[in-house]
Number of protein chains: 2
Amino acid sequence: MTGIKDVAREVEMSTATVSRALRGLPGVSEETRDRVRETARRLGYVPSPSAAGLATGQTRTVAVIVPFVTQWFFAAVVQGAEEELRSRGYDLLLYNLAGDPAARHRVFSTSLLTKRVDAILVLSLTPSRDELASLEALGKPVTIVGADLPGWATVRIDDHLAASTATQHLLDLGHRRIAYIGGSTEGALDFTAPVERVAGYRATLAAAGVPHDPALEADGDFTVAGGMRAAAELLELADRPTGIFAASDEMAIGALRAARDRGLRVPEDLSVIGIDDHEMADFFDLTTVAQPVHEQGRVAAQLVLGALGSDDWDPEQVVLPTELVVRRTTARPCGTPGP
Amino acid sequence: MTGIKDVAREVEMSTATVSRALRGLPGVSEETRDRVRETARRLGYVPSPSAAGLATGQTRTVAVIVPFVTQWFFAAVVQGAEEELRSRGYDLLLYNLAGDPAARHRVFSTSLLTKRVDAILVLSLTPSRDELASLEALGKPVTIVGADLPGWATVRIDDHLAASTATQHLLDLGHRRIAYIGGSTEGALDFTAPVERVAGYRATLAAAGVPHDPALEADGDFTVAGGMRAAAELLELADRPTGIFAASDEMAIGALRAARDRGLRVPEDLSVIGIDDHEMADFFDLTTVAQPVHEQGRVAAQLVLGALGSDDWDPEQVVLPTELVVRRTTARPCGTPGP
DNA sequence: CTGAAAGCGCTAACAT
DNA sequence: ATGTTAGCGCTTTCAG
């Protein structure tokens, strides 16, 4: 295994010079730098991250904590973050919680991450008070994707607005019986999104003078199967909804299926709208409120890397825009006169 | 930041003893061990991976190289691997190629990974000759998921058999015009699967005495959109197929949509079968050949960790079973008498 | 069963 | 512009 000493010996210089030359530090003649670079390349020299890390206290690695990699949304955010990190020479350590509370506890509680990474990206889960304290205690830059946490660096969409946009779209089409499929607003993995989205739904309905009907709110667990179950219930209601707003595209897709199973036509008998603009949304002709998924990963990585640069970091709160994408699962309810 | 010295001072012992005690090495009295453990816990001591790595030459980290994290299959394999690795105290460094040839080249060519990880997991992409040479040169345990590479540790399914099972299922139902949607068999990310699957399809057809028709083979790029495009072409054929075998569920789902767009009923007018048992397969009532996805990740991790234990490693080739899952997208072609 | 001391491979002051 | 000299925090002989 060739080390820095081998390179130094070869160019007949000290390891210090080699180190400086290779890292582009000032105080090395151009000629020396070239010679060192060339020699290092020829010898196949690769610096040891362990040694460099021990000497500098930096690992050039960031931890990405994600609830479920298998969910498209998270995978896409991870991908965005990975691109940005790699382009800046950072490695990405993946911590997949996969709904395991023990895993979650381990990752947050012990300072497992302290000496392992330079910064942390937390995806779409709101850390508990204790967990926030642990994160803070790490004394490392942390960026949270998908949560609204004053004082912390966050990147997210305006969930309240997104929900409002979706609900308003249905209202504008003439719907009044509008159901909501969301996720439980508490639990081991408590996102901010569920809370804000249901609030946006309610507020928009209220603003339109539509009375709130708790029977129209169902829990779809943010999965296709859950969305299907929830929609099935809603569609059994005596006074069934004419429109369903699902807080995620996956649940909306489940709702589509539930409608089909009952012989309901979409959008003639039932309108369905989601949030995300999932990979498969176009495929399902699903009307949705699109959010920049990949972009959230990139921006989060940028934020956290920015912090690594300057020492007086001001945790920024980035809110990325959403956009209504009208496809073919929403229309005026039957019997409504056209515009 | 509390280090091993702090713990040593506290228990009034040498750092050597503390190190031994904490790592469960022999030669430490039970009493001392307990006291050290307790003190370390109290002080919130966490060993520095950089320092330990420098001293031992081990990083307790494994690299996982994946073509696209956003594809469910890969994400699921990663999740399986992550669980296994974490349970054994290893960290997972994610390298997402995302179709970027430059990224791929960087990861494989330079010995970037040499001093960074103890072992490597390569998912579902067949390394080129050069890449294999680089991997070999690392001198670290490597396990490849989804490829059949004699001499290397691999875990995969029998792709030929899976394709054969799918094709035979269609044949058994009475289909004769059976189309195949696969992926290009060459390219930057050349999997083993495409090659083996198309071969299985052809062989099974041949064995049944069905003449080979190149017009019935289309490229679906292993994506939903690609599957839809490919199926659209196939269904425009004058003598169109009565059955479509897609080499992945995502392409099969695309085919389903293409059929629907043309007003074809599935399975009455067209049978469709895939491979994977994708998360959404059940939802689409898709008949498929299921493969153990999560399991492949776990087993791959086990293999590679096993290698880390013993020094005379015998690279094992694990083939996991597949299973035909008949749902409701396949049936006898119209006009065929029942059994 | 425990301790002293010598590194692991690199970086960072401080010299020159 | 380059070299010398200490470490970084842990593990590991080798002694005792």
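Side-chain atoms are counted along with the backbone in the values below, which use heavy atoms only and exclude waters and symmetry mates. Residue numbers begin at 1 in each chain, while the letters A, B, ... track the order of the sequences.
To the nearest 0.5 angstrom, B/Met1 atom CE is 10.0 Å from B/Asp6 atom CG.
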Counting only pairs under 3.5 Å, give me each side-chain donor-acceptor contact of residues 71-81 of chain A, with atom names and distances, residues two or more places apart or in other chains.
from	atom 1	to	atom 2	distance (Å)
A/Gln71	NE2	A/Phe222	O	3.4
A/Gln79	OE1	B/Asn96	ND2	3.2

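Looking at residues 15-25 of chain A, you'll see A/Ala16, A/Thr17, A/Arg20 sit with a heavy atom under 4.0 Å from some atom of DNA chain D. Residues of residues 46-62 of chain A having a heavy atom closer than 4.0 Å to DNA chain D, listed by number: A/Leu54, A/Ala55.
A donor-acceptor pair under 3.5 Å is formed between the side chain of A/Thr39 and the backbone N or O of A/Arg35. Put simply, the side chain of B/Lys5 never gets that close to the backbone of B/Thr15: no donor and acceptor are under 3.5 Å apart. A distance-only check finds a donor-acceptor pair linking the side chain of B/Arg60 to the backbone of B/Arg88 [under 3.5 Å]. Panel note: side chain A/Thr61, backbone A/Asp91; no donor-acceptor pair is recorded below 3.5 Å. Proximity of a side-chain donor or acceptor of B/Lys140 to a complementary backbone N or O of B/Ile120 within less than 3.5 Å is not detected. Without hydrogens or angle criteria, B/Asp118 side chain to B/Gln58 main chain gives no donor-acceptor distance under 3.5 Å. Listed for the B/Thr56 side chain is a donor-acceptor partner under 3.5 Å among the backbone atoms of B/Ala52.
A salt bridge links A/Glu38 with A/Arg41: the closest approach of a Lys/Arg side-chain nitrogen to an acidic carboxylate oxygen falls below 4.0 angstrom.
Side-chain polar atoms of A/Ser19 and A/Arg23 form a donor-acceptor pair below 3.5 angstrom. Looking only at atom types and distance, the side chain of A/His105 has no donor-acceptor partner in the side chain of A/Glu131 under 3.5 Å away.
Put simply, chain A comes within 4.0 Å of DNA chain D, heavy atom to any atom, from D/dA1 to D/dC10, going 5' to 3'. Read 5' to 3', the first and last nucleotides of DNA chain C with an atom closer than 4.0 Å to a heavy atom of chain A are C/dG9 to C/dA13.
Applying the side-chain hydrogen bond (donor to acceptor under 3.5 Å, both in side chains) test to A/Gln291 and every residue at least two apart in sequence or in another chain returns A/Asp276, A/Gln296.
Comparing A/Lys5 and B/Ser14 by the nucleotide of DNA chain C that holds the closest heavy atom to each, the one mapping nearer the 5' end is B/Ser14.
Residue-level contact check: A/Gly27 touches the bases, meaning some heavy atom is under 4.0 Å from a base atom.
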